[in-house]
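Residue numbers start from 1 in every chain, and the chains themselves are labelled A, B, ... in the order their sequence lines are given, proteins ahead of strands. Note that the structure is predicted; figures quoted are calculated from it, not measured.
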Amino acid sequence: MSGNALAGAELVVRTIAETAVENEKYFGDLDAVVGDGDFGYSLARGFEKLLEGWDSLDRSDAGTFLKRSGMVLASRVGGTSGPLWGTAFLRAGAAAGSTEDLTGEQVVAMLRAAAEGIKARGQSDVGDKTLLDALVPLTDRLEQEFARGAGAMEALPAAAGAARDAAEATAGMVARRGRASYTGERSRGSVDAGAVAVAVIAERISESWQKRGGTA
Amino acid sequence: MSGNALAGAELVVRTIAETAVENEKYFGDLDAVVGDGDFGYSLARGFEKLLEGWDSLDRSDAGTFLKRSGMVLASRVGGTSGPLWGTAFLRAGAAAGSTEDLTGEQVVAMLRAAAEGIKARGQSDVGDKTLLDALVPLTDRLEQEFARGAGAMEALPAAAGAARDAAEATAGMVARRGRASYTGERSRGSVDAGAVAVAVIAERISESWQKRGGTA
Amino acid sequence: MKKFVNDPKNYVAEMLEGVALANPDSLRYVPAYNLIMRADAPRADKVSIVQGSGSGHEPAHVMVVGRGLLDAACPGDVFAAPPMDYVYETAKLLASPKGVLLLVNNYTGDRMAFDMGKEMAEADGIRAEILTVNDDVAVQDSTYTVGRRGVAGNFFVIKAVGAAAEQGADLDEVLRIGRKVNDVTRTMGVALTACTPPAKGSPLFELGGDEIEFGVGIHGEPGRERRRIKAADAIVDDLLEAVTGDLPYRSGDRVALMINGLGGTPISELYILYRHAHRQLADRGITVGRSYVGEYCTSLDMAGASLTLVRLDEEIDHLLAAPAEAAVRVC
Amino acid sequence: MKKFVNDPKNYVAEMLEGVALANPDSLRYVPAYNLIMRADAPRADKVSIVQGSGSGHEPAHVMVVGRGLLDAACPGDVFAAPPMDYVYETAKLLASPKGVLLLVNNYTGDRMAFDMGKEMAEADGIRAEILTVNDDVAVQDSTYTVGRRGVAGNFFVIKAVGAAAEQGADLDEVLRIGRKVNDVTRTMGVALTACTPPAKGSPLFELGGDEIEFGVGIHGEPGRERRRIKAADAIVDDLLEAVTGDLPYRSGDRVALMINGLGGTPISELYILYRHAHRQLADRGITVGRSYVGEYCTSLDMAGASLTLVRLDEEIDHLLAAPAEAAVRVC
Ligand SMILES: Nc1ncnc2c1ncn2[C@@H]1O[C@H](COP(=O)(O)OP(=O)(O)O)[C@@H](O)[C@H]1O
Ligand SMILES: Nc1ncnc2c1ncn2[C@@H]1O[C@H](COP(=O)(O)OP(=O)(O)O)[C@@H](O)[C@H]1O
Ligand SMILES: [Mg+2]
Ligand SMILES: [Mg+2]
Ligand SMILES: [Mg+2]
Ligand SMILES: [Mg+2]
């Protein structure tokens, strides 16, 4: 992945924010099946807050931009998602540091840092039927693609596909974290809202990247 | 109408009681359309109470029997119907006095007394869309039948038919008494529950009378 | 039917048993007459305050028995006036040398039961007076009909006469106060859903997903008219319009404002209604001196609310502020 | 959606404005942090008691702010934990030299917000402790999951620590008492209907006409299992079974018994449940020393109820009996 790191981060964060706002109802309905239905609302309100202060976010570098975004989410957004997504952005920003250009490896390292942040904050892990069950397969696939020499134009759709498959596969799991976990065995049979959100976002980022016409 | 007055009163009261108990749901549903739905319940519980003490009711004569029945209804049954029906029975009993045999004229006088009792107690009149709008036409028709020389076997079905027609006709009226009156114009279009109850009871009494094989 | 109920015929009796079990020291329960009374009533130095009415309006009235409120309540079945006997027996049990005040919401059945019960009590030498409450502005054209209903505003009459009686006022004085409060109290209600009487087992009427009943009473009967649902603030505007137009309440007035829940509406929504009503009154120069938000007089599980205004003066304000205690909090 | 609501996004803010307008003397409202606090807080001679949690549980917790109860509540959106910032700012505003106790119902979002908020407050030199409430016996297998939820039983923790703080106890002592009460408190809930979050506009799940959700929490999520509806007494038996089996409560124990309404169930039904629970406990030799019937912790308009037992000893009994005041009556 090449090009200006800050511009890339801006595009990614903006796409995430827009996706969250546009899918408020869809994500909420998914969370209503065995959860409490607030996921879409929390995420939408959170990213709306981020968009409100969009122009005044510190843009010294990609890392700082991501950290500031994470601060807004972690401190001013409620529910489970505010702290989790905020922590993810904070950790990704820290991993990015003040680099001007991002390599594929750096992007993978950022996503790994984000996942580790979510695990630590949420005391959760892969297999608990959470967004981690889409985020980690996504990252794995991205790493493989970059490792075999693929560029972003090729790696992103592949990773999004992996996230989608993984999100669908959460239907077979029993939730051990989040509100859905209280229903125990009954959570089996429906997909995890957070995992699907990761898949939808990954697909949107992949599309935006193609449209923007990144230099592969 | 001939035969033993007490036996006749017993048959009539018992038929009313059984009709009320059996039609609890139907009468309640009719009252639910623009009223509060408790008419069937009140009437059924009330007549159940009467049936509970059935064997110990004072049977000195038809008048006393009716008055005792009225006392139970007026004093121990709630809602609007307890006092109204109780008053009707009390007045009918008073009109019957200690007679051993009832003439057609006496029966008409008893029904007139019952209607006057309801009017006084309920501060209501014909045209207010209440049970009076079936009871009074029923009485009028009975009077006509007896006047033209008909016996009970002929007069009763005719009177029941008049009550039925009159009850159906309440659909065109606006309620001015009872809970239905609060909905004003909206009460038009549905029949009055009390009036229908009078019609159903009249039909049942007419049938019982035929079965009993009264001497015409 | 989605209700916590055993045999619907025992609905009222079982509820009353629950109330008695939960308040063993302060209340006494007399099953034969559906009677909940203060354990320390009647008192020779105090007018006894009694109310009947149908059940299904809880906390009204059995849970409003207590110091500074009712001395006894004898409810009938759900939405049905109590039998005359209950009224008579209650009056006998509550007979105080200072007299008994019988509070009656203005419905045909209740009036008949209390009129007859009072007559019988008087024949026994008991001094009793009836006070009829009729605060509902939804009922119009009252010369043709049976007149206005008594709805949630009856709480203020209970509170005022309860306080006056507790302070030793005699029967005439208590009656004067009750009439005075009733005269300056107006209520208007709106329902979002119908309620389900346990003996019926299904809703009393069907409302579409976007329909509300405007001008409802407290017996689950349909209201004055069916309207489309609106924003909470707009509904409050309509209720206020009906209520303030009636007395009328004027700029400079001080009022008590009650937002009463009809049973199925959560208190969060009641506070949303309260907010707008309070502000709208302020805009008209009417000061809310006392606030009441919660359930006072319900229609079983009906979702909906009513808005009540009471024009305050020093005397009423003082009586409403007097201490009171009951199974549920009402002040 | 059949609700009194304007823009769903303003649901919480408008409710809080309503609470503030209705209690101008005793409460203060800080819109920036969804904060309702006692007008006289913080006090130098008293530990400040603070609770967050999502909205939609009213009267919990914003209407339980007052003397002998909470000093402040900072709710999040409906069913969503408050943001960390609210917790942090609330801790700052309530900072007392005697410290701040942060009460947290055991949910992931709430725990994260309070952990982070507390860290930030401590960095500012504020002494704060967290007390986690987890009374819900519906959640099993807690080593694999996030542990038991905090539900209606949290009221007893609030009441006890509120009373202790009012009496001058220091932070360690208040914390000890809170933990002690939480340890002897158990709750089980059942839903007859799903609730409708205003932002969603439709019920969270569909239940058949004869189905109930057994073992529900307070966020409208489905429960442990779906069952057929039964008579009220049989439902109480099931709830009691789950609760008494857990601590366990034994013959000779004295308990507080709470029947908590979930929002859409009328109080008449709650007393029907109370009646049978009280009697069943008596049959097992367990004495109900304190009774609580009403709404304490709700799920918006959900029809349903929860049953809570607290094993009493002299200390807890005394704290529960201490005077308390709030926007709604809870004791
Ligand atoms: N402890 C956790 N760790 C990681 N992800 C979690 C955790 N808890 C919940 N999630 C994710 O968050 C989503 C739900 O978010 P949200 O509805 O805001 O929280 P809540 O479950 O508290 O209502 C779930 O679908 C899941 O993907
Ligand atoms: N004042 C009255 N006079 C005569 N009949 C009445 C009166 N009020 C009600 N009714 C009759 O009683 C019926 C309703 O009885 P019920 O449901 O017990 O009373 P309520 O209207 O108080 O709920 C009505 O259908 C009507 O026929
Ligand atoms: Mg959720
Ligand atoms: Mg009726
Ligand atoms: Mg009725
Ligand atoms: Mg949530």
For the CG atom of A/D38 and the CD atom of D/E221, what is their distance to the nearest 0.5 Å? 9.5 Å
At a heavy-atom separation under 4.5 Å, does D/P82 approach chain A through its side chain, its backbone, both, or neither? backbone
Is any residue of residues 299-308 of chain D within less than 4.5 Å of chain A by heavy atoms, and which ones? none
Walk me through it: do D/Y107 and A/Y182 pass the test side-chain contact (heavy atoms from CB on, under 4.5 Å)? CA-CA 11 Å; D/Y107 298 97; A/Y182 300 123; 3.4 Å; yes
Qualifying residues under side chain to side chain contact (heavy atoms under 4.5 Å, CB included), relative to A/A115, sequence neighbours excluded: A/L132, A/L135, A/V136
Heavy-atom distance under 4.5 Å between the side chains of D/M112 and A/Q123, does that happen here? no
Separation between CZ (D/R149) and OG (A/S181), nearest 0.5 Å, reads 8.5 Å
Rounded at 0.5 Å granularity, tell me how far CG in D/D110 sits from OG1 in A/T80. 7.5 Å
Is there a salt bridge (charged side-chain N to carboxylate O under 4.0 Å, His left out) between A/D29 and D/K200 once you walk through the steps? CA-CA 8 Å; A/D29 288 348; D/K200 177 159 163 55; 2.9 Å; yes
Does anything in residues 59-77 of chain A get under 4.5 Å of chain D by heavy atoms, and if so which residues? A/A74, A/S75, A/R76, A/V77
Chain D interface, residue from A/G178, A/G35, A/G184 that has the most non-hydrogen pairs under 4.5 Å: A/G35
Are any non-hydrogen side-chain atoms of D/M116 and A/P83 less than 4.5 angstrom apart? yes
Which atom pairs, donor and acceptor, lie under 3.5 Å between side-chain atoms of residues 203-218 of chain D and protein residues at least two apart or in another chain?
{"from": "D/D210", "atom 1": "OD1", "to": "D/R228", "atom 2": "NH1", "distance (Å)": "3.0"}
{"from": "D/D210", "atom 1": "OD2", "to": "D/R228", "atom 2": "NH1", "distance (Å)": "2.6"}
{"from": "D/E211", "atom 1": "OE1", "to": "D/G208", "atom 2": "N", "distance (Å)": "2.7"}
{"from": "D/E213", "atom 1": "OE1", "to": "A/R186", "atom 2": "NH1", "distance (Å)": "2.7"}
{"from": "D/E213", "atom 1": "OE1", "to": "D/G223", "atom 2": "N", "distance (Å)": "2.7"}
{"from": "D/E213", "atom 1": "OE2", "to": "A/R186", "atom 2": "NH2", "distance (Å)": "2.8"}
{"from": "D/E213", "atom 1": "OE2", "to": "D/R226", "atom 2": "NE", "distance (Å)": "2.7"}
{"from": "D/E213", "atom 1": "OE2", "to": "D/R226", "atom 2": "NH2", "distance (Å)": "2.9"}

